[in-house]
Amino acid sequence: NSTKPCCTLVHSPLNTIQYNYVTEAAIVDERYTPQDIEPKWQAYWSEQCLHQSTADHSKKKFYCLEMFPYPSGKIHMGHVRNYAIGDVIARYKRMKGFSVLHPMGWDSFGLPAENAAIKHGVHPAAWTYENIEFMKKQLSGMGLSYDWDREVATCSPEYYKWNQWLFLKLLEMGLAYKKTSFVNWCPSCATVLANEQVIDEKCWRCDSSVVQKELEQWFFRITRYAEELLQGCDSLTGWPERVVAMQKNWIGRSEGVEVEFPLEGTEVSIRIYTTRPDTIFGVTFICLAPGHPLTESLTEDKKGLEAITAKYGKMEEKEGLFTGRYAVNPLTGERVPIYVANFVLMEYGTGAIMSVPAHDQRDFEFAQNYGLPVKVVIVEEQKSEVRSQKSELTEAFEDEGVLVNSEQFSGVRSGEAKAQIAAYIEEKGLGTRTVNYRIRDWGISRQRYWGTPIPVIYCESCGIVPVPEKDLPVILPEDVTFSGKGGSPLKESESFIHVSCPSCGGAARRETDTMDTFVDSSWYFAAYCLKKGQKSEGGIDLLSAVNNPQAEINHWMPVDQYIGGIEHAVLHLLYSRFFTKVMRDIGLLKTDEPFANLLTQGMVCKETWKCPEHDWLFPEEVEDGRCSKCGAEVVKGRVEKMSKSKKNVIDPDSLIRRYGADTMRLFSLFAAPPERDLEWSDKGVEGAFRFLNKVWTLAYRNRSRKTEDRAQNPDASGLTPQAAQLLRKTHQTIRKVTEDVEKDYHFNTAIAGLMELVNETSSFNPETEEDASVMAIAIRSTILMLAPFSPHITEELWSAMGEKESIFRQSWPEWDEALAKDEEVELVVQVNGKLRAKILVPAGLSEEDAKKAALGDERIREITADKEIKKVVVVKGKLVNIVVGA
RNA sequence: GCGAGAAUGGCGGAACUGGCAGACGCACCAGACUUAGGAUCUGGCGGGGCAACCUGUGGGGGUUCAAAUCCCCCUUCUCGCACCA
């Protein structure tokens with residue numbers, strides 16, 4: 001069989017063999033086999049410690065970070081995309097001569113581990129570490145250039161010790177405190193949720209309806225940094241605008257006035273907050289939050305109050321209850337009824353509001369429901385007359401205008417009136433100007449096992465006692481059972497609860513709540529900088545960095561490029577900014593902001609299929625547009641984010657097995673720019689694979705071509721026109737790819753540029769030695785530029801070309817502007833803005849000559865023959881537009 | 001309602017500060033090679049027209065020699081926030 005003639009040989013002028021048709025037997029060692037190549041180079045990189053990062057002060061540093069994953073069990077396409085983007089950047093920056101830090105770790109505390117424990121009886125730690133091990137293998141299979149020496153897992157005592165240490169620091173600084181409050185409670189997860197974790201009044205994780213529950217909880221005083229977090233937004237120039245907008249929104253600063261409304265018949269007064277002091281003459285009632293300190297004593301109808309309190313936080317229906325008491329408007333002396341209303345929030349402002357139904361839609365509707373008066377105090381500027389009263393109003397007039405019925409302020413425009421009235425109120429001692437923020441303190445207590453134990457001890461005689469630093473970490477106990485029924489398993493651990501008081505030595509008990517896992521991820525980027533080798537060699541050490549400007553953390557921070565999903569636009573990113581400022585104030589680091597540049601990558605989506613009977617279908621369940629189970633006609637669903645429930649997921653492992661990691665990476669980078677959603681296409685993946693095969697064939701067959709001849713001949717003289725063109729194209733491509741990567745990480749167009757170059761190189765047949773060396777340059781440049789995208793194939797080809805050193809130790813190719821310049825350009829000739837001819841002219845032609853050339857063109861002369869030429873516009877090197885009359 | 005973004009062939013997407021619309025890829029069509037092709041290669045590919053040419057970037061106006069790009073108005077979609085006083 002082996003002697004069977006199997007290929008057609010075509011001899012080129014240079015006697016290089018080109019295989020037009022080859023059987024499998026003949027090309028076995030020439031064929032691109034990612035399955036062999038990829039593990040080989042992964043092992044090599046690891047042996048060579050190629051990605052280890054040390055603070056090298058002779059080079060510019062670059063900290064490239066992707067959001068670390070929760071070890072759920074398997075990586076998905078979202079991870080693949082995220083890490084592919086990060087890896088290209090890291091590898092590119094290294095080739096560009098930067099000293100790069102590119103770490104990876106595990107956000108490994110959290111609910112799923114505990115749920116697995118309840119369901120399968122496996123300990124959360126065992127479950128988690130098993131997942132980590134598996135996922136780490138998967139990541140290695142992708143050929144990602146991480147410095148695994150700095151790996152962290154937030155569930156390791158080594159890590160959470162510092163969570164606890166930071167907690168103690170916050171406690172010292174008065175930034176951690178305990179209070180009783182209404183909290184968001186997820187009945188299904190049986191735990192408290194932060195405000196940021198409640199989405200549409202549902203749990204962000206399990207989607208169950210969140211209820212309000214009164215509990216004593218630990219809080220972080222993020223509000224103390226509200227102003228700085230807001231101001232800092234302006235320095236986030238490397239962040240997407242919308243993320244910054246979302247952060248600003250969340251912090252929600254508003255300027256207003258707090259005004260005292262005396263309570264009729266008493267010495268007490270009610271303090272309200274308003275941003276519209278200009279409407280204060282229009283107040284016709286005031287509302288208290290159900291939880292307001294005065295509510296209880298003012299309200300006679302206790303049952304009614306209970307009913308209103310029960311509806312607190314339920315925003316669908318606005319309900320109120322008249323307390324039976326009145327307050328006095330301090331500016332008008334008018335008496336206004338006091339209501340308790342379920343929509344007034346205790347947490348915002350003062351928990352009491354003044355209601356101006358004429359100028360606030362919600363107040364307006366409330367007034368209609370409860371038959372309260374409406375008093376107009378602002379009218380549109382043009383109609384400065386007071387229009388007759390409430391009967392005409394069908395809705396509140398919320399815009400700015402001119403004040404009426406407002407005593408000495410009547411006739412003043414509302415913008416101006418705000419300032420005047422606020423000043424008047426302060427002057428008369430009726431209230432004060434204040435700033436309010438929407439953001440509230442961050443509740444971090446969770447009634448869970450698989451999280452960082454909060455390091456405090458409760459003592460009968462000493463009260464709340466922090467665990468001394470020397471006793472850290474407070475380790476999660478092993479003797480726990482996971483019943484899934486009510487409360488934290490830590491409550492059941494006798495060995496954990498009982499402890500002697502560090503202060504008086506008496507019997508005491510430990511805090512059994514653990515920290516929100518968002519605490520873990522709020523400083524992990526700093527942990528990587530301070531991690532030295534594996535555990536045995538010291539691990540993370542924050543202490544050494546306190547007030548130490550030489551600490552490595554100050555070399556690497558801030559993160560130069562952070563990459564992750566948009567879903568963290570508020571939660572994680574805001575907490576991390578907060579922690580960074582706290583760490584700065586502790587003396588741990590010198591930066592104000594953790595992430596200089598942020599790239600929020602789009603989702604990975606795929607088409608879906610839906611059967612009227614069987615709901616979502618896997619693609620293989622669709623046969624000729626019909627459901628394979630019932631034969632019903634299948635509807636093509638929308639392109640949606642990959643999810644198990646929609647049955648449109650692609651498993652990265654199966655892709656790697658079939659096409660290799662290089663193809664998977666390449667496609668995920670080519671199909672769309674990183675910040676946009678990506679539609680996964682099986683055919684598109686094949687296209688990427690085809691391209692790599694093309695590169696392989698081209699580079700492998702020409703692997704022994706040398707570039708030397710070009711060295712003596714720096715310009716293009718002596719080359720055949722085809723070779724000169726290829727050389728030009730090579731330099732143009734280097735320029736294009738570099739600029740695309742540098743500018744916005746637009747890898748899709750960078751890859752397109754490489755494809756063009758490969759196409760052009762493939763169809764090039766060198767006729768001279770010099771031409772051949774141009775081809776070698778083109779190929780080597782291609783391989784070098786492709787390396788960050790598809791690292792294995794390029795490393796293999798690089799070595800096949802006889803290179804001894806890793807391609808990732810090479811410099812990124814540079815272009816020569818002179819060589820990138822076209823000798824001839826195609827000049828577009830328009831007549832009245834319409835394309836009429838294209839002429840080839842030498843580059844750098846003067847405007848006058850371009851004009852002459854355009855007007856001299858046969859076709860143009862024909863068109864313009866009997867017309868009056870009014871004007872000729874010349875865009876140098878590009879276009880001539882001839883404007884003619886009719 | 002407020003904020004951010006988007007709309008370009010059959011599809012994903014290109015087009016730098018206004019200057020050839022549709023790069024690159026997918027799909028499709030034709031051809032070559034082949035026992036075969038879901039491999040490879042070559043060519044074609046917005047729409048209309050034999051052609052010259054006309055027309056075309058969600059819709060309508062405008063500015064300009066020239067508009068996907070700038071200005072005004074409108075439509076649709078995506079995302080985030082939303083009784084915050």
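Predicted model, so just to flag it, every value in this text is computed and none were measured. Per chain, numbering begins at 1; letters A, B, ... match sequence-line order.
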Check: Going by atom types only, do A:Thr223 and A:Asp441 share a side-chain donor-acceptor pair under 3.5 Å?
Finding: yes
Notebook entry, point to check: Can a donor-acceptor pair be found between the side chains of A:Lys871 and A:Asn881 at a distance below 3.5 Å?
Noted result: no
Check: Given B:A85, is OP1 or OP2 found less than 4.0 Å from the side-chain N or O atoms of A:Tyr273?
Finding: no
Next item on the list: Could you check whether the rings of A:Phe366 and A:Tyr339 sit parallel, tilted or perpendicular, using 30° and 60° as the cut-offs?
Entry: perpendicular
Next item on the list: If the plane angle is over 60° it's perpendicular, under 30° parallel, otherwise tilted; pick one for A:His568 and A:His572.
Entry: perpendicular
Margin query: Give me the distance, rounded to whole Å, that separates B:A67 from B:G19 when you measure between the P atoms they each carry.
Written below: 11 Å
Margin query: Expressed as a whole number of angstroms, how long is the span from A:Leu827:CG to B:C20:P?
Written below: 12 Å
Margin query: Anti or syn, where syn is a glycosidic angle within 90° of 0; which label fits B:G61?
Written below: anti
Note to self: In whole Å, I'd like the distance from the CG atom of A:Leu666 to the P atom of B:C24.
What the structure shows: 16 Å
Next item on the list: Quote, to the nearest angstrom, the P distance that separates B:A66 from B:U55.
Entry: 14 Å
Note to self: With a 4.5 Å cut-off on side-chain heavy atoms, are A:Ile308 and A:Thr295 touching?
What the structure shows: no
Notebook entry, point to check: Are A:Asn436 and B:A85 close enough that a side-chain N or O sits under 4.0 Å from OP1 or OP2?
Noted result: no
Check: Is there a donor and acceptor pair, one atom on the side chain of A:Lys838 and one on the base of B:C20, closer than 3.5 Å?
Finding: yes
Check: So what does A:Pro673 touch, heavy atoms closer than 4.0 Å: a base, only the sugar-phosphate, or nothing?
Finding: sugar-phosphate
Note to self: For a quick test of reading the model: is some side-chain N or O of A:Arg676 closer than 4.0 Å to OP1 or OP2 of B:U78?
What the structure shows: no
Notebook entry, point to check: Quick one: which of B:G3, B:A23, B:G19 gets closest to the side chain of A:Ala245?
Noted result: B:G3
Check: With distance as the sole test, does A:Asp822 use its side chain to make a donor-acceptor pair with the main-chain N or O of A:Val825 at under 3.5 Å?
Finding: no
Next item on the list: With heavy atoms under 4.0 Å as the rule, sort A:Val883 into base, sugar-phosphate or nothing.
Entry: sugar-phosphate
Next item on the list: Please state how far atom CZ in A:Arg690 lies from atom C1' in B:C41, giving the value in whole angstrom units.
Entry: 13 Å
Notebook entry, point to check: Reckon A:Gly252 touches a base, only the sugar-phosphate, or nothing at all at heavy-atom distances under 4.0 Å?
Noted result: nothing
Next item on the list: Figure out the CG/C1' separation between A:Leu835 and B:C20, and round it to whole Å.
Entry: 6 Å
Check: From the list B:C84, B:C24, B:A14, which nucleotide is the closest neighbour of the side chain of A:Thr749?
Finding: B:A14
Margin query: Regarding A:Asp857 and A:Lys838, does a basic nitrogen lie under 4.0 Å from an acidic carboxylate oxygen?
Written below: no
Note to self: Regarding A:Lys834, tell me which of base, sugar-phosphate or nothing describes its non-hydrogen contacts under 4.0 Å with the strands shown.
What the structure shows: sugar-phosphate
Margin query: Taking B:G56 as the reference, what is the distance to B:G9 when you measure between their P atoms (whole Å, please)?
Written below: 14 Å
Notebook entry, point to check: Expressed in angstrom and rounded to an integer, what is the separation of A:Phe285 atom CZ from B:A85 atom C1'?
Noted result: 11 Å
Item checked: Rounded distance in Å - CG (A:Asp682) to P (B:G38) -> 18 Å
Note to self: At 4.0 Å (heavy atoms only), tell me whether A:Glu826 reaches a base, stays on the sugar-phosphate, or touches nothing.
What the structure shows: base
Margin query: Under 4.0 Å, heavy atoms only, any strand: does A:Lys878 hit a base, just the sugar-phosphate, or nothing?
Written below: base
Note to self: With nearest nucleotide decided by heavy atoms, which residue, A:Val875 or A:Gly351, maps closer to the 5′ end of RNA chain B?
What the structure shows: A:Val875
Notebook entry, point to check: At under 4.0 Å between heavy atoms, what does A:Val344 touch on the DNA or RNA strands: base, sugar-phosphate, or nothing?
Noted result: base
Note to self: What contact category does A:Asp360 fall into here, base, sugar-phosphate, or nothing, at under 4.0 angstrom with non-hydrogen atoms?
What the structure shows: nothing
Next item on the list: Using a strict 4.0 Å threshold on nitrogen-to-oxygen distance, state whether A:Lys418 and A:Glu255 make a salt bridge.
Entry: no
Item checked: Protein-nucleotide distance (A:Ile566, atom CD1; B:G5, atom C1'), rounded to Å -> 10 Å
Next item on the list: Considering just the side-chain nitrogens and oxygens of A:Arg836, establish if one lies under 4.0 Å of OP1 or OP2 belonging to B:C54.
Entry: yes
Notebook entry, point to check: Should the pair A:Trp680 and A:Phe667 be assigned to parallel (<30°), tilted (30 to 60°) or perpendicular (>60°) ring geometry?
Noted result: perpendicular
Check: If we take the P atom in both B:G58 and B:G12, what is their distance in whole Å?
Finding: 14 Å
Checklist line | Span that lies between the P atom of B:G46 and that of B:A21, in whole angstrom | finding: 13 Å
Checklist line | Options B:G19, B:G80, B:A85, nucleotide nearest the side-chain atoms of A:Ser254 | finding: B:A85
Check: When you compare B:G62 with B:C2, how far apart are their P atoms, in angstrom units rounded to a whole number?
Finding: 29 Å
Next item on the list: Step through it carefully: locate the ring centre of A:Phe670, locate the ring centre of A:Phe691, and say whether they are under 6.0 Å apart.
Entry: no
Check: Under 4.0 angstrom, heavy atoms only, what part of the nucleic acid is A:Gln830 near: base, sugar-phosphate, or nothing?
Finding: base
Note to self: Roughly how many Å apart are B:C11 and B:A27, using the P atom of each and rounding to a whole number?
What the structure shows: 15 Å
Check: Does B:C84 have OP1 or OP2 sitting under 4.0 Å from an N or O in the side chain of A:Arg440?
Finding: no
Margin query: Heavy atoms only, 4.0 Å cut-off, all strands: where does A:Arg735 land among base, sugar-phosphate and nothing?
Written below: nothing
Checklist line | Interatomic distance, A:Arg242 CZ vs B:G5 C1' [rounded to whole Å] | finding: 7 Å
Next item on the list: Assess whether one donor atom and one acceptor atom, taken from the side chain of A:Asn881 and the base of B:C65, lie less than 3.5 Å apart.
Entry: yes
Next item on the list: Let me have RNA chain B in dot-bracket notation, would you? Count Watson-Crick plus G-U wobble pairs, both distances under 3.5 Å, and use [ ] for pairs crossing earlier ones and | for inter-strand partners.
Entry: (((((((..(((......[....))).(((((.......))))).(((....)))..(((((..]....))))))))))))....
Check: Considering heavy-atom distances to RNA chain B, does A:Met346 or A:Lys683 have its closest nucleotide positioned more toward the 5' end?
Finding: A:Lys683
Notebook entry, point to check: Hey, does the side chain of A:Tyr312 reach the backbone of A:Met346 with a donor-acceptor pair shorter than 3.5 angstrom?
Noted result: yes
Note to self: Would you measure the distance from the P atom in B:U75 across to the matching atom in B:A39 and give it in whole Å?
What the structure shows: 48 Å
